[in-house]
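A quick write-up on the structure given underneath.
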Amino acid sequence: PYSAKNLDEKKLIYNYRLSRSRRTIENAFGILSARWRIFRRPIRANPSTVEKIIKATVCLHNYLRLTDNAYYSPEGFIDSYDGTGCIKLGDWRTIVSNDAGLQRFSRTGSNNYSAAAQDIRESFEKYFNSCIGALEWQNNHVHSCGETI
């Protein structure tokens, strides 16, 4: 994300969309970890086996969401947004809070980034603000939150 105050609207939208994407991915993996214990610790297997485990659990997850959703992911289990756009944390977080599978990493270096990383960030910023990549609600959300997202 862009790390400064007084960002222009395009950068605020980029930061918001990036943050929302990260939360979506975190939520998806958290749900899998809460329901499938194998994800609650590092998987010690060769990459092809890990790939098969992931595919199998995702297929089972999708099946259970379609056929037994009230039990598999009851109300409040998944992160959601309230009427003001604030995130309400899902119950899956309490299930995995003490597990080794989801660990926070500390900073391993400086905040410097490569020119390639900057190009990628700028490409996404342009896309999120283009006619093709913009979402109708992103501007309203950025404007309703002020300068910080």
Hey, are the side chains of F124 and L18 touching, using non-hydrogen atoms and a 4.5 Å cut-off?
no
Nearest 0.5 Å, please: how far is [atom2] in [Y] from [atom1] in [X]?
{"X": "N129", "Y": "K11", "atom1": "CG", "atom2": "NZ", "result": "9.5 Å"}
{"X": "L64", "Y": "C59", "atom1": "CG", "atom2": "SG", "result": "11.0 Å"}
{"X": "I13", "Y": "K10", "atom1": "CD1", "atom2": "NZ", "result": "9.0 Å"}
{"X": "Y14", "Y": "S19", "atom1": "OH", "atom2": "OG", "result": "11.0 Å"}
{"X": "Y127", "Y": "I132", "atom1": "OH", "atom2": "CD1", "result": "7.0 Å"}
{"X": "T57", "Y": "L32", "atom1": "OG1", "atom2": "CG", "result": "5.5 Å"}

[X] to [Y] - nearest heavy-atom pair and separation:
{"X": "W92", "Y": "F77", "value": "CD1-O, 3.0 Å"}
{"X": "I78", "Y": "S73", "value": "CD1-CB, 3.9 Å"}
{"X": "E75", "Y": "D91", "value": "O-OD2, 4.4 Å"}

So, K126 and E122, do they make that salt bridge, N to O below 4.0 Å?
no
Using modelled atom types and a 3.5 Å cut-off, is there a donor and acceptor pairing between side-chain atoms of R40 and backbone atoms of A34?
yes
Using only atom types and a distance under 3.5 Å, with no angle test, would you say the side chain of D79 pairs donor to acceptor with the backbone of G90?
yes
When you measure from the centre of the six-membered ring of Y2, is the NZ or CZ of R121 under 6.0 Å away and within 45° of the axis?
yes
Quick one: is the NZ or CZ of R35 closer than 6.0 Å to the six-membered ring centre of Y72, and within 45° of its axis?
yes
Can you tell me if N46 and T49 form a side-chain donor-acceptor pair at under 3.5 Å?
yes
R17 and S21: CA distance, side-chain angles, deciding distance, side chain to side chain donor-acceptor pair (under 3.5 Å) verdict
CA-CA 6 Å; R17 295 278 302 274; S21 299; 5.9 Å; no
